[in-house]
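Please read the structure below before turning to the comments.
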Amino acid sequence: MKKGRLTVILVVVVLIAIIVWASSRPALTVVVVQPQRQTVRAFVEEQAVTELPQDYLISMSIAGWLEPILLREGDPVAAGQVVARLETFDLADRVRQAEQRLTELQVQIAETADHRLEENALVETEATVKAIDETVAAAEAKLEAAKATLDFTQSEVKRLSDLGETGSAADRELRQVELEFRKAQADYRSDVLELAALKTISAVSYIGPKFIRDYIDRKTFKTDTWKSQLEQARAELEIARRNLQRAEVRSPIDGVVLHRHQTRRQFLAAGTPLLTVGRLDEIEVHVEVLTERATRIVPGDPVEIYGEALPDGPIAGSVARVFPAGFKKISSLGVEQQRVKVAVKLDQRPERLGVGFRVHVRVFYDEAADALTLPRTCLFRGPRSGWQVMLVRNGVTELGAVEVGLMNEDLVQIVSGVTASDTVVSHPSREISPGLRVRSGGPSL
């Protein structure tokens, strides 16, 4: 009986000792914060590189001997400035040859276009043909008269012959008529031959005007041919002059030399790159963003650009455009990612910032004003992947589930779960469990 009481008393003493020891044990010191109302901004932070939206490649417009290029990278150029030259001896010779060819064709056209001699000859031959036609007509009339005379004398010979048989006509009169008949026959035959000869001459005479007209037509055809060749010669002269002008290669813009592709004297083909120039005032920053984040970014979103390339501090910018096509990229950890380019326009360009410089950017795509916020370090994931915080109430820790809104690397918006009067552990760790007595101050665990 006494032994049982002794055991009970011993247990009570031990419990009292534990309670006294626990109550006298110093509380764990943690760093705590209270939610603050402020503006929180959501952003994407990535490495980026400076690029130009457009550069200009100056190349050989024609084949030829290039003189040494004296411009160097970084040298300023003005629109229309001669930045390279070609040897011009052969080009100038081609211009002179084309000019000489053009002059020769113009002289030939002038000569073949002059038809004055042919037109005079045509007038003369046509007059001759007309005269011959009139002579033929006269010969035909003469032949008709000779035929009438022949018919008359023949009828007279027949009449007197009939009268002679009856003794009514004298023999001398009959012989006279027969003589006239023979003469009429001879005249008729002569007129027939003369008319035939004149018709032959008339037929031949028509060849003269036709020959002259054909000759004029042939000269006209040649003139058209020369004119066609003249147009071709003019085009060749224009090309030769243009090629001579192209011997001086000029800058298309006001800008600077970005890259010099050729330096020494050499023969180069048309299209060979010589210089790349660009406007540094148009420089942009191109950042590669994960596609799931890029969907939140729109043109006009504010951007902060910073990094070692900007020793004078961050500069401001804005999203100029989000590229419509994404691409695959392997991260430094070997993970395949789908990314898309975002172009950022700078509000101002630092003097020493050039093309291809690496910088860092923050693209702000959303913000919440007067939001209840906590440091990002206060949050951790719970068993079901929900966000949780470690609260301190009456000196004892307890878990609290929270609903978050916007979030960045520094701050997180608290939608529900804590109030502005709550106290939250700044850097919760495994050593800080629910129900633990703690006190504020000192470094966090």
Do [X] and [Y] have side-chain heavy atoms sitting under 4.5 Å apart?
{"X": "Val342", "Y": "Val361", "answer": "no"}
{"X": "Arg72", "Y": "Val257", "answer": "no"}
{"X": "Val32", "Y": "Val438", "answer": "no"}
{"X": "Leu280", "Y": "Arg349", "answer": "yes"}
{"X": "Glu104", "Y": "Gln229", "answer": "no"}
{"X": "Arg37", "Y": "Asp370", "answer": "yes"}
{"X": "Ile315", "Y": "Gln348", "answer": "yes"}
{"X": "Asp55", "Y": "His259", "answer": "no"}

Using only atom types and a distance under 3.5 Å, with no angle test, would you say the side chain of [X] pairs donor to acceptor with the backbone of [Y]?
{"X": "Glu73", "Y": "Arg260", "answer": "yes"}
{"X": "Thr377", "Y": "Ser426", "answer": "yes"}
{"X": "Thr88", "Y": "Ala92", "answer": "no"}

When rounded to the nearest 0.5 angstrom, what is the spacing between [atom1] in [X] and [atom2] in [Y]?
{"X": "Ser61", "Y": "Arg250", "atom1": "OG", "atom2": "CZ", "value": "11.5 Å"}
{"X": "Glu231", "Y": "Trp226", "atom1": "CD", "atom2": "CH2", "value": "15.0 Å"}
{"X": "Ile283", "Y": "Thr50", "atom1": "CD1", "atom2": "OG1", "value": "4.0 Å"}
{"X": "Thr263", "Y": "Leu275", "atom1": "OG1", "atom2": "CG", "value": "10.5 Å"}
{"X": "Ile253", "Y": "Glu282", "atom1": "CD1", "atom2": "CD", "value": "7.0 Å"}
{"X": "Leu436", "Y": "Thr397", "atom1": "CG", "atom2": "OG1", "value": "5.0 Å"}

Could you report the tightest heavy-atom contact between [X] and [Y], atom names first, then the distance?
{"X": "Val287", "Y": "Glu46", "result": "CG2-CB, 3.4 Å"}
{"X": "Pro35", "Y": "Thr419", "result": "CG-O, 3.2 Å"}
{"X": "Leu230", "Y": "Gln106", "result": "CD1-CG, 3.7 Å"}
{"X": "Val319", "Y": "Val322", "result": "CG1-CG2, 4.2 Å"}
{"X": "Phe357", "Y": "Arg352", "result": "CE2-O, 3.3 Å"}
{"X": "Thr39", "Y": "Leu411", "result": "O-CD1, 4.5 Å"}

ask   = Within a radius of less than 6.0 Å around CZ of Arg264, do more than 12 heavy atoms belonging to other residues, nucleotides or ligands occur?
value =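 For Arg264, atom CZ is not crowded (no more than 12 foreign heavy atoms under 6.0 Å).
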request  = Decide whether Thr291 and Gln338 meet the rule of one side-chain donor and one side-chain acceptor closer than 3.5 Å.
outcome  =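 Not at all, the side chains of Thr291 and Gln338 share no donor-acceptor pair under 3.5 Å.
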ask   = Which one of Arg339, Lys329, Lys341 satisfies the side-chain hydrogen bond (donor to acceptor under 3.5 Å, both in side chains) criterion with Glu288?
value =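 For Glu288, the side-chain hydrogen bond (donor to acceptor under 3.5 Å, both in side chains) test succeeds with only one of Arg339, Lys329, Lys341, which is Lys329.
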ask   = Are the charged groups of Glu99 and Arg241 less than 4.0 angstrom apart, N to O?
value = yes
ask   = Are Glu144 and Lys147 within salt-bridge range, i.e. N to O under 4.0 Å?
value = no
key: Residues Leu91, Ile62; criterion side chain to side chain contact (heavy atoms under 4.5 Å, CB included); working and verdict   = CA-CA 10 Å; Leu91 299 174; Ile62 58 173; 4.0 Å; yes
If we check side-chain contact (heavy atoms from CB on, under 4.5 Å) with [X], which of these qualifies: [options]?
{"X": "Val404", "options": "Val415, Thr373, Leu379", "result": "Leu379"}
{"X": "Leu391", "options": "Val396, Val402, Asp422", "result": "Asp422"}
{"X": "Gln388", "options": "Pro383, Pro428, Cys378", "result": "Pro383"}

request  = Give the intermediate values and the outcome of side chain to side chain contact (heavy atoms under 4.5 Å, CB included) for residues Phe380 and Leu399.
outcome  = CA-CA 11 Å; Phe380 58 92; Leu399 284 175; 3.6 Å; yes
For a quick test of your reading: what N or O donor-acceptor pairs under 3.5 Å do the side chains of residues 294-303 make, sequence neighbours left out?
| unit_1 | atom_1 | unit_2 | atom_2 | d |
| --- | --- | --- | --- | --- |
| Thr295 | OG1 | Glu292 | O | 3.0 |
| Arg296 | NH1 | Tyr365 | OH | 2.9 |
| Asp301 | OD2 | Val298 | N | 3.0 |

Val49/Val285 under side chain to side chain contact (heavy atoms under 4.5 Å, CB included): CA gap, chis, key distance, verdict = CA-CA 6 Å; Val49 66; Val285 173; over 6 Å; no
inquiry  = Under the salt bridge (Lys or Arg N to Asp or Glu O under 4.0 Å) test against Arg41, which residue among Glu304, Glu409, Glu367 passes?
reply    = Glu367
key: Verdict with supporting geometry, Leu52 and Arg279, side chain to side chain contact (heavy atoms under 4.5 Å, CB included)   = CA-CA 8 Å; Leu52 286 177; Arg279 298 187 182 97; 5.7 Å; no
query = Can you check salt bridge (charged side-chain N to carboxylate O under 4.0 Å, His left out) on Glu248 and Arg85, steps first, answer last?
reply = CA-CA 5 Å; Glu248 292 185 338; Arg85 297 180 186 274; 2.8 Å; yes
request  = Only counting residues at least two apart or in another chain, list the ones meeting side chain to side chain contact (heavy atoms under 4.5 Å, CB included) with Val192.
outcome  = Leu143, Tyr188
